[in-house]
Amino acid sequence: AIGTVELWNGHLEPLKTSEADFRAVRRQFEDAGLRVNAYCANFPTDASDEHLDRAFRGAVLLGTRVMTSSCEKPLLPRLDRWCERYGVRLGLHNHWLGDSWFKGDKALNFESPADFLDSLKDRSPRVGINLDIGHFSAAGHDPVAFFREHHARIYSLHVKDRDRDAAHTYRRFGEGATPIDAVLKAARELRFRYAANI
């Protein structure tokens with residue numbers, strides 16, 4: 001049974017959601033027997049202090065101390081400060097940057113193991129990884145090996161299945177090339193304490 005959910009800023013935009021609204025959403029989920037395990041707030045590199053503050057405060061009001069974010073590397077020093085301020089762990093989300101929608105600067109985004117590991121060297125332990133195993137696999141990397149080696153710094157898993165074709169097409173679970181089974185078995189074996197979100 002599903003007992004937790006991750007909410008996204010497409011559901012609750014930080015700058016458009018009041019504290020009362022965050023609390024009300026939390027109550028709705030709790031009344032349905034569900035807990036919010038993470039709040040995904042994606043930030044532009046020039047995000048205002050108010051944007052960061054509203055998002056981090058929103059996570060706490062939702063009842064979680066885990067956030068995930070698609071953002072660019074130059075924002076990390078500020079995100080680190082906000083993690084410390086609110087006592088929140090933040091998982092940086094990776095993408096396969098060969099996707100047709102991606103138009104940004106690849107050097108500023110997260111795709112490879114090196115993107116994560118180089119960026120986290122000077123960060124507090126509150127800043128970590130939201131490993132999207134479908135995108136990681138599509139980018140040609142081994143999510144099982146990476147998870148096994150770095151699970152202590154991974155604060156959220158995103159689980160999807162992508163294929164081996166040129167577009168790395170999204171597939172139903174078990175029909176693509178992402179080693180979902182092996183990652184989840186490793187998570188159980190290593191007693192991974194965070195959520196794996198579908």
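If you read the sequence from its start, that first residue is 1, and numbering goes on from there.
- Within a 6.0 Å sphere centred on CG of Asp118, other residues, nucleotides and ligands contribute more than 12 heavy atoms.
- Judged by distance alone, with hydrogens and angles left aside, the side-chain atoms of Thr68 form no donor-acceptor pair with the main-chain N or O of Asn130 at under 3.5 Å.
- Hydrophobic cluster membership differs between Trp8 and Val66, with clusters built from Ile, Leu, Val, Met, Phe, Trp and Tyr side chains linked at under 4.5 angstrom.
- The main-chain N or O of Pro125 is found under 3.5 Å from a side-chain atom of Arg89 such that the two form a donor-acceptor pair.
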Apply side-chain contact (heavy atoms from CB on, under 4.5 Å) to His51 and Phe43, showing your working. CA-CA 8 Å; His51 190 170; Phe43 299 110; 3.7 Å; yes

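- The structure places CZ of Phe116 at 9.5 Å from NE2 of His141, a figure rounded to the nearest 0.5 Å.
- Of all non-hydrogen atoms in Leu75 and Pro44, the two that sit nearest each other are CD2-O, 3.6 Å.
- Residues Phe102 and Phe136 fall into different hydrophobic clusters, defined by Ile, Leu, Val, Met, Phe, Trp and Tyr side chains chained together at heavy-atom separations under 4.5 Å.
- For Arg153 (side chain) and Val127 (main-chain N/O), a donor-acceptor pair under 3.5 Å exists by modelled atom type.
- Panel note: side chain Thr64, backbone Asn37; a donor-acceptor pair is recorded below 3.5 Å.
- Screening residues 102-117 for salt bridge (Lys or Arg N to Asp or Glu O under 4.0 Å) gives Lys73-Asp115 as the qualifying pairs, with residues at least two apart or on separate chains.
- Taking the six-membered ring for Trp, Phe192 and Phe147 have ring centres closer than 6.0 Å.
- Residue Glu50 holds its CD atom at 10.0 Å from CG of Leu52, rounded to the nearest 0.5 Å.
- Smallest separation of non-hydrogen atoms from Tyr194 and Ile154: CD1-O, 3.4 Å.
- Not one N or O on the side chain of Arg126 forms a donor-acceptor pair closer than 3.5 Å with the backbone of Arg81.
- Checked by atom type and distance alone, the side chain of Asn42 never pairs as donor or acceptor with a backbone atom of Ser69 at under 3.5 Å.
- Checking side-chain atoms of Tyr39 against main-chain N and O of Leu12 turns up a donor-acceptor pair under 3.5 Å.
- Under a hydrophobic clustering in which Ile, Leu, Val, Met, Phe, Trp and Tyr are joined whenever their side-chain heavy atoms come within less than 4.5 Å, directly or via other members, Leu76 and Leu131 fall into the same cluster.
- The shortest heavy-atom contact between Leu15 and Arg54 is O-NH2, 3.5 Å.
- Note on Leu34: it clusters hydrophobically with Leu62, by side-chain heavy-atom contacts below 4.5 Å among ILVMFWY residues.
- The CZ atom of Arg85 sits 9.5 Å away from the CZ atom of Phe56 when rounded to the nearest 0.5 Å.
- Every pair passing salt bridge (Lys or Arg N to Asp or Glu O under 4.0 Å) that includes a residue from residues 3-21 is listed here, sequence neighbours excluded: Glu19-Arg23, Glu19-Arg57.
- The nearest pair of heavy atoms linking Ser48 to Arg78 is C-NH2, 3.6 Å.
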As a quick check of understanding, evaluate side-chain contact (heavy atoms from CB on, under 4.5 Å) for Val25 and Phe29, giving each step before the final call. CA-CA 6 Å; Val25 168; Phe29 278 99; 3.7 Å; yes

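- With values rounded to the nearest 0.5 angstrom, Leu90 atom CG is found 6.5 Å from Cys71 atom SG.
- Residue pairs that meet the salt bridge (Lys or Arg N to Asp or Glu O under 4.0 Å) test with at least one member in residues 132-149, sequence neighbours left out, are Asp132-Lys160, Arg148-Glu189.
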Before you tell me yes or no, could you show the steps for Leu157 and Ile133 under side-chain contact (heavy atoms from CB on, under 4.5 Å), namely the whole-Å CA-CA distance, both residues' side-chain angles and the distance that decides it to 0.1 Å? CA-CA 7 Å; Leu157 286 172; Ile133 64 173; 4.2 Å; yes

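- In this structure, the side chain of Arg162 engages the main chain of His168 through a donor-acceptor pair within 3.5 Å.
- Residue His158 is tested with His135, His93, His95 for a ring-ring contact (aromatic ring centres under 6.0 Å, His included); the sole match is His93.
- For the residue pair Arg65 and Tyr86, no side-chain donor N or O sits within less than 3.5 Å of a side-chain acceptor on the partner.
- Val159 and Leu92 end up in the same hydrophobic cluster when Ile, Leu, Val, Met, Phe, Trp and Tyr side chains are linked at under 4.5 Å.
- Rounded to the nearest 0.5 angstrom, Ile2 CD1 and Ile198 CD1 are separated by 5.0 Å.
- Electrostatic pairing of Arg171 and Asp161 does not count as a salt bridge here, judged by no charged N lying under 4.0 Å from a carboxylate O.
- Heavy atoms only, all atoms of each residue included: Thr178 and Gly134 are closest at OG1-CA, 3.7 Å.
- For the pair Tyr155 and Gly91, the tightest heavy-atom approach, listed with the atom from each and the gap, is CD1-N, 4.4 Å.
- One distance of note links CG of Leu120 with CZ of Phe110; it measures 7.0 Å at 0.5 Å rounding.
- In summary, the side chains of Thr169 and Asp163 do not present any donor paired with an acceptor at a separation below 3.5 Å, with no hydrogens or angles considered.
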